[in-house]
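One structure is given here, and the rest of the page talks about it.
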Amino acid sequence: MLARDFLRTHFAELPHLLRNRTYDVASLARWGELDAERRRVVTAVEAMKAERNTLSAEVGRKKRAKEDAAAEMERAKTLGVEVAALEKRVEEIEGEFFAIEQALPNIPDESVPDGADETGNVVLKSWGEPGTFDFAPKPHWELGVELGILDFERAAKVTGARFTVLSGEASLLSRALIAFMLDLHTRENGYREVLPPFIVNAASLFGTGQLPKFEADLFRLKDTDWYLAPTAEVPVTNLHRDEVLKDEQLPISYCAYTPCFRAEAGSAGKDTRGLIRQHQFDKVELVKFTRAEESEAAHEKLTRDAEKVLERLGLPYRRVVLCRGDMGFSSAKTYDLEVWLPGQNAYREISSCSNFGAFQARRAAIRVKRTGADGKGRNEYVHTLNGSGLAVGRTLVAILENYQGADGSVAIPKALQPYCGGLSEIRRPAC
RNA sequence: GGAGGAGUGGCCGAGUGGUUUAAGGCGGCGGUCUUGAAAACCGUUGAGCUGCAAGGCUCCGGGGGUUCGAAUCCCUCCUCCUCCGCCA
């Protein structure tokens, strides 16, 4: 959510500040009307409450003095009825008011490029050379099936489309990647590992911005307000929901491995082959809580931490800054990391690293107690950030496609071999 | 799943209808003392909304109710704790 006083003081500029973003333009004008009416009615009802409180105190005084208070009680009762009527109106206004506020997307950082869709994104850097092959590199869905380590058909039988069974070396590689990534982030990059619940409640999903707008993308557990977590961002960011943190606790850096579950309504027909777009996938997530003035630098650091994983694995990638129109609802600035996939002759997203500013912190009430220049304590909203470090399934895909040989074998990156019991390559089964 | 108990400010904790504008403690901040620190002592310190301001309103797990007046009484939901049952 955006700050209410910011909306007021920048009201005229809001259409410009929110250009290329998706929201109900008419709701802005309505917000202005409701803001004025709300303040008018609230002022009136509070004056009446103040009078009633004074009367009640007088009743108390008279009763203790054994005097008659019937007149005050009568007047207070009448006031109470009027207060109740006005309060009902305040509730109506606030309901509509809040509905508008919580549906407004975050305002992009000034450094974010203009643009309506992914064609407006800007490549900032590239790392590594896409390998040259003296044979036609295969996509992972062919390689993996031929190696007998990816099984799409049985997954469809067991569950349905967009699920995959990893077996043998693929399963080992997946487990190795999770351990490798967590070790890198905890030992070298300064993150604390957490293993959160994989099921989250509606309040947590509101806090990070998935609800109420994007319920269709989630799996909900029948007859509950519990959902399968679409990303560890949700449980980990919400660890500190409704908390006032101590200044010296910041910055906080967490990393977490979790499976992620996405219903992905509306993605039918996209990436239907292979394990690029699945209903269930594994991810190691990086989450940071910082003071407001530190979040920009923290965003660069977090993105570098994710890039290091790709560099250690020798996977060519590029960093892209998303334009205004392609960013997520809650984000102020997003870098995507795209890994090179020779089997598809394309760069594909493998990590998304975002700075949310105070947008999530306002929704989730995550604050920090700070001491001002005047020596007085005040609560400020923290800034929240997160990024994939990395998506495990897509990293597995990248290894299979980048490290394939002409004979259909796949080499294991050096950095990963200790996590695979020394295994150096995957070969086709003899039979 | 069954029975009982409990949710109060950053934390602990008192408070069972009207000076609660929430006692007291811890922690934080400022000061006295000190070469410096610690200790001790003194002062100060919740959040949100509204108002130009003075001020006002709301908040004691969430929601609803009774009352002139609710942290306190009633209903309901949630969470935690203890014991029992079950279970990886």
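Keep in mind that what you see is a predicted model, and the values were worked out from it rather than measured. Naming convention: chains lettered A, B, ... in sequence-line order (proteins, then strands); numbering from 1 in each chain. Reckoned from all heavy atoms, side chains included, excluding hydrogens, waters and symmetry mates.
A ring-centre distance under 6.0 Å is not found for A/F261 and A/Y227. Aromatic ring centroids of A/W141 and A/F152 lie 6.0 Å or more apart. The aromatic ring centroids of A/H279 and A/F219 lie less than 6.0 Å from each other.
Across every strand in view, B/rC29 sits in a pair with B/rG43 that passes the Watson-Crick or G-U test at under 3.5 angstrom. As the counterpart of B/rC83, B/rG2 is assigned, both hydrogen-bonding distances of the Watson-Crick or G-U wobble pattern falling under 3.5 Å. Within the shown strands, nothing qualifies as a pairing partner of B/rG36 under the Watson-Crick or G-U definition with both distances less than 3.5 Å. In this structure, B/rG24 and B/rC12 make a Watson-Crick or G-U wobble pair, each of the two defining distances being under 3.5 angstrom. B/rU72 is unpaired under the Watson-Crick or G-U wobble criterion, no partner having all donor-acceptor distances under 3.5 Å. Of the nucleotides present, B/rU50 is the one that pairs with B/rG55 by Watson-Crick or G-U wobble criteria, both distances under 3.5 Å.
Looking at the side chain of A/R39, the nearest of the listed nucleotides B/rG51, B/rC57, B/rG18 is B/rG51. Distances from the side chain of A/N53 to the nucleotides B/rU58, B/rU50, B/rG10 place B/rU58 closest. Minimum atom distance to the side chain of A/R52 is reached by B/rG69, of the listed B/rC57, B/rG69, B/rA47. Side chain of A/A50, nearest nucleotide from B/rU50, B/rG56, B/rC68: B/rG56. Closest to the side chain of A/R367, from the set B/rA47, B/rG69, B/rU50, is B/rA47. Among the nucleotides B/rG69, B/rA47, B/rU58, the one closest to the side chain of A/K369 is B/rA47. Of the candidate nucleotides B/rC57, B/rC49, B/rC68, B/rC57 has the atom nearest to the side chain of A/K49.
Comparing A/W226 and A/Y381 by the nucleotide of RNA chain B whose heavy atom lies nearest to each, the residue mapping closer to the 5' end is A/Y381. For the pair A/G60 and A/R38, nearest-nucleotide mapping onto RNA chain B gives the more 5' position to A/G60.
Using a 4.0 Å heavy-atom cutoff across all strands shown, A/R362 reaches no nucleic acid atom at all.
Within a heavy-atom distance below 4.0 Å of RNA chain B, the residues of residues 76-86 of chain A found are A/A76, A/K77.
With respect to A/E33 and A/R38, no salt bridge is recorded, no charged nitrogen being found less than 4.0 Å from a carboxylate O. Under 4.0 Å is where a charged nitrogen must lie from a carboxylate oxygen, and between A/K369 and A/E243 no such pair does. Salt-bridge formation is not detected for the pair A/E380/A/R367: no Lys NZ or Arg NE/NH1/NH2 atom is positioned less than 4.0 Å from an Asp or Glu carboxylate oxygen.
For A/E296, the CD atom counts as loosely surrounded, since its 6.0 Å shell holds 12 or fewer non-hydrogen atoms of other residues, nucleotides or ligands.
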| request: For A/E285 and A/Y254, run side chain to side chain donor-acceptor pair (under 3.5 Å): C-alpha distance rounded to whole Å, both residues' side-chain angles, the deciding distance at 0.1 Å, then the answer. | output: CA-CA 8 Å; A/E285 187 75 358; A/Y254 291 124; over 6 Å; no
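Spacing between atom CG of A/D242 and atom C1' of B/rU79 amounts to 13 Å, rounded to whole angstrom units.
Rounded to whole Å, the C1' atom of B/rG51 lies 11 Å from the corresponding atom of B/rC57.
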